[in-house]
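Just below is one structure, and these are the notes that go with it.
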Amino acid sequence: MLTLNLIREKRDFIIERLKIKNFNAAEILDKIISLDASRREIQTKTDLMQAEMNRISKEIGSLMKDGKKNEAEEAKEKTYKLKDKIKILSEKIVPIDTELKNEIVKLPNLPHESVAPGHGADDNVKVKEGGKIPVLPESALPHWDLIKKYDIIDFDLGIKLTGAGFPVYKGKGAKLERALINFFLDEGAKAGYLEIMPPIMVNEDSGFGTGQLPDKEGQMYHADIDNFYLIPTAEVPVTNIYRDVILNAEDLPVKNMAYTPCFRREAGSWGAHVRGLNRLHQFDKVEIVRIAHPDHSYESLEEMVSHVEGLISKLGLPYRILRLCGGDMSFTSALTYDFEVWSGAQKRWLEVSSTSNFESFQSNRLKCRFKEKGEKQTRLAHTLNGSALALPRIVAALLENNQSEAGIKIPAVLVPYTGFDMIN
RNA sequence: GGAGAAAUGGCAGAGCGGUCGAAUGCGGCGGUCUUGAAAACCGUUAUUCUGUAUCCACGGAAUCGGGGGUUCGAAUCCCUCUUUCUCCGCCA
């Protein structure tokens, strides 16, 4: 959520920046500005009346003390009219406030100045490429065949237990999953991230704090009776730890990480390219989250990017890093890097991480602020997060790229975690 | 799930419906003293919105778990929700 201050002071700048995201903001901005102006006008009036009201009330208090009952009664008379006026005026504010909130949440975050304009995936900017694309024989199998061949992940069983998109990991498949989680967490710990195990269901306030609510409730599973949402990513609970929190500047950056299962309804998005592990309703992910000082948040982002890159290259996967263009970026993000790994048998790139700086967009909703030592004023912190990493597509690429007649070779860094070096 | 009690500033803990943003203690910050430190003493110590000023500053409104109500006036009374504690029941 953009701050009202920015909207008041930089209307034209916002319009220009949001063009990069192909978003026409003028109409909404003008509506907000006029709503805000009338809200403040009314607020100022009611504040004045309320001040008068408070003054009279105090007067009544001291009159009563002095035993001047008649004068107190006279003063009371004066308040009735005033009270009515205040009531009428303050009731006017309620719908204005609601509308203001409705409008302001429609505005996406401003893209960072390095973000290129564009409409879709084709306009993303490749910033780096690494690893070697494997040359596989014609007979190479896609991962959905490999998992059947070695009986390590069972989709049909998942359908029986729950439904499509809820795979069952078995034997070495389950072990590989657990190995990857532990590997990612250990690497994260080495990089200074504090491990968190959060709840995987959150309340409405948390959903709003990170921007899933309103509007995107269709993407989350909802437990009706208790009004809880299954998290689509650990970003939601881990970032919401800092909802309504005022941090000290010297505690920044806060570096947290969490492994959680993630749940996505992905309503309407099933179709091409979603076979096997490519898109699931439940999957595992390790997420890194930072709360950073606004002056240093882009340094934080770069550190996160190189951390994620390190993970992928330690696993020996061919990868590329993309800086998303305005049209492909999320509503809440100011700058996003996507990481894709090459899937040898599908012969295509699979997104395995999205690492973003949200600047103060989330923290304004979260009311996540910090205070500089000795200063009175609070400022909004910057929030960042990134997948480090999402597992299913990593598994898909590992299986496909490392297959041979003898079986599937486990990357050396994982062997201490799996306890085996081949799936066969 | 049943019965009862409670929720106040960073923490602890007062608070009769009137001058209470809130005593007191601890902690934090600044200062005096000291060669330095401790102790002692003095001062200071929340957040949000807002008006003039737009660097410092001054004024107003709101906030004592959340929401609503009674009242000229609510931390204090009423309703409701949430959370915590104690006892009973159930339970990995």
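We name chains A, B, ... by the order of the sequence lines, and we start the count at 1 in each one. This structure is a prediction, so every number in the text was calculated from the model and none was measured.
- Nucleotides B:G9 and B:C26 have their C1' atoms positioned 13 Å apart, rounded to a whole Å.
- Taking a cutoff of 4.0 Å between a charged side-chain nitrogen and a carboxylate oxygen, A:R8 and A:D36 qualify as a salt bridge.
- Base pairing of B:U63: its partner is B:A46, meeting the Watson-Crick or G-U wobble criterion (both donor-acceptor distances under 3.5 Å).
- Computed from coordinates, the A:I246 CD1 to B:U45 P distance equals 16 Å when rounded to whole Å.
- Using a 4.0 Å heavy-atom distance criterion, A:R8 is classed as a sugar-phosphate-only contact.
- Taking the nucleotide of RNA chain B with the nearest heavy atom to each of A:L4 and A:L48, the more 5' of the two is matched to A:L4.
- In a base pair of the Watson-Crick type (N1 to N3 plus N6-O4 or O6-N4) or a G-U wobble (N1-O2 and O6-N3), with each distance short of 3.5 Å, B:A74 is matched with no nucleotide.
- Taking atom CG of residue A:L380 and atom P of nucleotide B:U47, one finds them 14 Å apart after rounding to whole Å.
- Separating the C1' atom of B:A12 from that of B:C58 is a span of 35 Å, rounded to the nearest Å.
- Whole-Å rounding puts the A:K371 NZ to B:U45 C1' distance at 9 Å.
- Salt bridge annotation for A:K45-A:E41: present, with a cationic side-chain nitrogen under 4.0 angstrom from a carboxylate oxygen.
- Counting any heavy atom pair closer than 4.0 Å across all strands shown, A:I56 reaches no nucleic acid atom.
- With salt bridges taken as basic N to acidic carboxylate O contacts below 4.0 Å, none links A:E113 and A:R17.
- Put simply, CD on A:E59 is 15 Å from P on B:G73, counting in whole angstrom units.
- Within the 6.0 Å centre-distance limit, the rings of A:Y193 and A:H307 are counted as a close aromatic pair.
- Separation of the C1' atoms belonging to B:G4 and B:A92 is 28 Å when rounded to the nearest angstrom.
- Nucleotide B:C91 forms a pair with no other nucleotide shown, judged by Watson-Crick or G-U wobble geometry with both contacts under 3.5 Å.
- Taking atom P on both nucleotides, B:U70 is separated from B:A14 by 31 Å, rounded to a whole Å.
- Comparing A:T378 and A:M53 by the nucleotide of RNA chain B whose heavy atom lies nearest to each, the residue mapping closer to the 5' end is A:T378.
- OP1 or OP2 of B:G60 has not a single side-chain nitrogen or oxygen of A:R40 nearer than 4.0 Å.
- Between A:F263 and A:H281, the distance from one ring center to the other does not fall under 6.0 angstrom.
- Rounded to whole Å, the separation between the C1' atoms of B:A22 and B:U63 comes to 12 Å.
- Residue A:N203 contributes atom CG, which lies 14 Å from atom C1' of B:C81 at whole-angstrom precision.
- Taking the C1' atoms as reference points, B:A5 lies 36 Å from B:A61, given to the whole Å.
- Set against B:A61, B:G73, B:U48, the side chain of A:S57 has B:G73 as its closest nucleotide.
- Salt-bridge check for A:K170 with A:D154: passed, with a basic side-chain N closer than 4.0 Å to an acidic carboxylate O.
- Look at the P atom in both B:A62 and B:G73: the space between them is 11 Å, to the nearest Å.
- Salt-bridge check for A:R290 with A:E303: passed, with a basic side-chain N closer than 4.0 Å to an acidic carboxylate O.
- Using the Watson-Crick or G-U wobble rule with both distances under 3.5 Å, B:U52 pairs with B:A57.
- Geometric assessment of A:K172 against the ring of A:F420 yields a positive cation-pi assignment under the 6.0 Å and 45° thresholds.
- In the set B:U48, B:C72, B:A61, the nucleotide with an atom closest to the side chain of A:R369 is B:U48.
- Of the listed nucleotides (B:U48, B:G51, B:C72), B:G51 has the atom at the smallest distance from the side chain of A:T44.
- Note: CD (A:Q377) to C1' (B:C55) measures 12 Å, nearest angstrom.
- The side chain of A:N54 places an N or O atom within less than 4.0 Å of a non-bridging phosphate oxygen (OP1 or OP2) of B:A61.
- Across all strands shown, B:A6 forms a Watson-Crick or G-U wobble pair, both distances under 3.5 Å, with B:U83.
- Of the P atoms belonging to B:A37 and B:C29, the separation is 14 Å, rounded to the nearest Å.
- Taking the side chain of A:K83 as heavy atoms from C-beta on, and the options B:G60, B:G51, B:U71, the nearest nucleotide is B:U71.
- Regarding A:R55, its CZ atom lies at a distance of 20 Å from the P atom of B:G18, rounded to whole Å.
- The CG-P distance, from A:D244 to B:G9, rounds to 15 Å in whole Å.
- Under the Watson-Crick or G-U wobble criterion, with both distances below 3.5 Å, B:U35 is left unpaired in every strand shown.
- For B:G17, there is no paired nucleotide, since no Watson-Crick or G-U wobble pair has both relevant distances below 3.5 Å.
- Residue A:Q50 places none of its side-chain N or O atoms closer than 4.0 Å to OP1 or OP2 of B:G60.
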